[in-house]
Protein chains: 2
Amino acid sequence: MTVRTASESMAHKVERQLRGDILTLVLQPGARISEQEIGERYGSSRQPGREALIALAKSRLVEILPQRGAVVAKISVSKLMQAAFIRETIETAIVSTACNAFHFHARQRLDDCLKEQARAAESGNRAEFRRYDDLFHKALAEGAGLPMAWAVVEDLKAHIDRACCLSLHAPETLAKLIEEHRAIVAAIDQRDETAARAAMTAHLCELLHDLPRLEAEHPDLFE
Amino acid sequence: MTVRTASESMAHKVERQLRGDILTLVLQPGARISEQEIGERYGSSRQPGREALIALAKSRLVEILPQRGAVVAKISVSKLMQAAFIRETIETAIVSTACNAFHFHARQRLDDCLKEQARAAESGNRAEFRRYDDLFHKALAEGAGLPMAWAVVEDLKAHIDRACCLSLHAPETLAKLIEEHRAIVAAIDQRDETAARAAMTAHLCELLHDLPRLEAEHPDLFE
DNA sequence: TCGTATGTTATTGTATGGAAGTGTACGCAA
DNA sequence: TTGCGTACACTTCCATACAATAACATACGA
């Protein structure tokens, strides 16, 4: 037990896997989880499980009830709307900045992401699609010289992602998302701040359309 | 040992105190700290010390060197500038929102903060002044219906605060800060978004003037 | 029946032992 | 002197033992 793979600590591994299972709704909102249980689930003792829970509680993905246990946080419309608002605020500022100065090597990464994302969309690999979606937004932030901004957004995004997981996007929706990414890149290349901000806003709004329907269909997963 | 005071766990207490000592430069940037040492310093065993270090590493206030120890993060101009940028982005969005709708009970809190802050400024109590400064910004966010936004800003603010701690403000500077707060409130009362955003931007820029001087005077505290 | 007291169980919170990793000092040979 | 190898000290990281606490069930008395 506890054979550490090269560089990643057990605690970090448990945290990463637990976060993944929560974000993909493998662990459903409202589920009770204990440190012990989490440790066993991912092949460790209580201690790494405990650290994972504390870490995820900081992102508000789990709620720790003192002396009693923890539960996977339910999807909160309020938290989701706030996260979406803050995300839009930050990401529009990112693309604004990107229009004025963009690091060369990050520009290349944007194209790579677009390509890989298109491939994932074709093969219907949603996990891969999402991964490159994240990498795209990360590359935008880094290109604008604002890596911390992505760290903030990534944390907020968790609350949005679980809702996204409920609304299974059709292939044409995936294609549309890629097109929106292209529009953002085009606006940055032309240094057109107004267009870039508008493109980013449109891109992020995409996700909120279905929210009322989702809540109606899955009332038990919402707060 | 380990007598828990009602509701706060030892781990949480150690984290709070350690954060305080780092933000006020009692623990200087660059200082090496171990779990053991932190535990002893605040009267606990290694475990709460460890949890505190992990928590503060998440806010990037300490850097954990795997298998080796931890150091108080040096003040990074890059992180500081990014934090300031993101903070300004979020807080201007907050006051924009506040102009369109502001919760009544939070409005009262704003006035309370202004009053208490003025009192702290007169008596020269800087810690108290800061505390009400935070509460003011928090009340703004909550009044706008965006408590999560404050949570994000509060975390980012840490990087800015340490630099602020270096530049000892004169009493007239404190008065000026309060005046800026008043201007923000006035703009919100008049529902003047443009003025509110401008007032907030001016208020936050205040802090960055001294930065080059500070870095020159304390090169060892910077990255 | 209702409310209170008590015991049981599950869980966290804390302390501590031990394994493994990292850097350093030292000795020794070339 | 320089380079190398070994031993050592220090630290994290994980596992586990123990204490404290909250919730629940159950028993008891009014």
Side-chain angles (χ1 to χ4, degrees), chain A residues 1-22 27-74, chain B residues 1-22 27-74:
Chain A
M1 219 196 245
T2 330
V3 179
R4 293 188 42 207
T5 51
S7 58
E8 191 179 30
S9 76
M10 205 60 193
H12 191 71
K13 196 167 108 184
V14 172
E15 179 188 339
R16 189 170 44 73
Q17 297 189 97
L18 176 57
R19 167 174 273 125
D21 283 348
I22 291 178
L27 281 170
Q28 293 225 333
R32 293 197 76 251
I33 47 182
S34 73
E35 297 173 355
Q36 181 91 43
E37 187 186 338
I38 295 303
E40 282 169 13
R41 183 184 174 101
Y42 303 108
S44 78
S45 70
R46 249 187 74 198
Q47 179 69 14
R50 173 178 175 81
E51 287 178 16
L53 284 177
I54 291 175
L56 296 191
K58 271 226 183 315
S59 325
R60 296 182 154 81
L61 280 177
V62 310
E63 283 171 32
I64 292 177
L65 315 173
Q67 307 289 357
R68 296 199 286 125
V71 297
V72 179
K74 293 217 172 188
Chain B
M1 217 199 249
T2 331
V3 179
R4 292 189 41 208
T5 51
S7 56
E8 191 179 31
S9 75
M10 204 63 194
H12 191 72
K13 196 167 108 185
V14 172
E15 178 189 340
R16 188 169 46 72
Q17 296 189 88
L18 176 57
R19 167 174 274 124
D21 283 349
I22 291 178
L27 281 171
Q28 292 225 336
R32 295 197 77 252
I33 47 181
S34 73
E35 297 174 355
Q36 179 95 45
E37 189 185 338
I38 295 303
E40 281 170 12
R41 183 182 176 101
Y42 303 109
S44 79
S45 70
R46 278 160 36 208
Q47 179 68 12
R50 171 177 175 79
E51 287 178 16
L53 284 176
I54 292 175
L56 295 190
K58 269 227 181 314
S59 322
R60 297 181 153 82
L61 280 177
V62 310
E63 282 171 32
I64 293 177
L65 316 173
Q67 310 290 356
R68 296 201 285 126
V71 298
V72 178
K74 294 218 172 187

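Just so you know, these numbers use all the heavy atoms, side chains as well, and skip hydrogens, waters and symmetry mates. In what follows, chains carry the letters A, B, and so on, assigned in the order in which the sequence lines appear, proteins first and then strands, with residues in each chain numbered from 1.
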[X] has a side chain; which of [options] sits nearest to it?
X	options	answer
Leu53(B)	dC14(D), dG13(C), dT12(D)	dT12(D)
Arg46(B)	dG18(C), dT11(C), dT14(C)	dG18(C)
Gln67(A)	dC13(D), dT16(C), dA20(D)	dA20(D)

N or O in side chain of Arg68(B) less than 4.0 angstrom from dG23(C) OP1/OP2: yes
For the pair made of [atom1] in [X] and [atom2] in [N], what is the distance, rounded to whole Å?
X	N	atom1	atom2	value
Glu51(B)	dT12(C)	CD	P	12 Å
Lys13(A)	dC14(D)	NZ	C1'	13 Å
Arg50(A)	dT16(D)	CZ	P	17 Å
Met10(A)	dA19(C)	CE	C1'	15 Å
Glu40(A)	dC14(D)	CD	C1'	15 Å
Arg32(A)	dT12(C)	CZ	P	8 Å
Gln36(B)	dT12(D)	CD	P	9 Å
Ile64(B)	dG21(C)	CD1	P	19 Å

Interatomic distance, CZ@Arg41(A) vs CD1@Ile33(A), rounded to 0.5 Å, equals 9.0 Å
CD1 (Ile22(A)) and OG (Ser59(A)) are apart, to the nearest 0.5 Å, by 9.5 Å
Quick one, Arg50(A) and Glu51(B) - any side-chain contact, counting heavy atoms below 4.5 Å? yes
*asked:* For Ser34(A) and Arg46(A), which I'm curious about, is there any donor-acceptor pair between the side chains at under 3.5 Å?
replied: no
Per nearest nucleotide of DNA chain D, the residue lying toward the 5' end, Leu65(B) or Gln47(A), is Leu65(B)
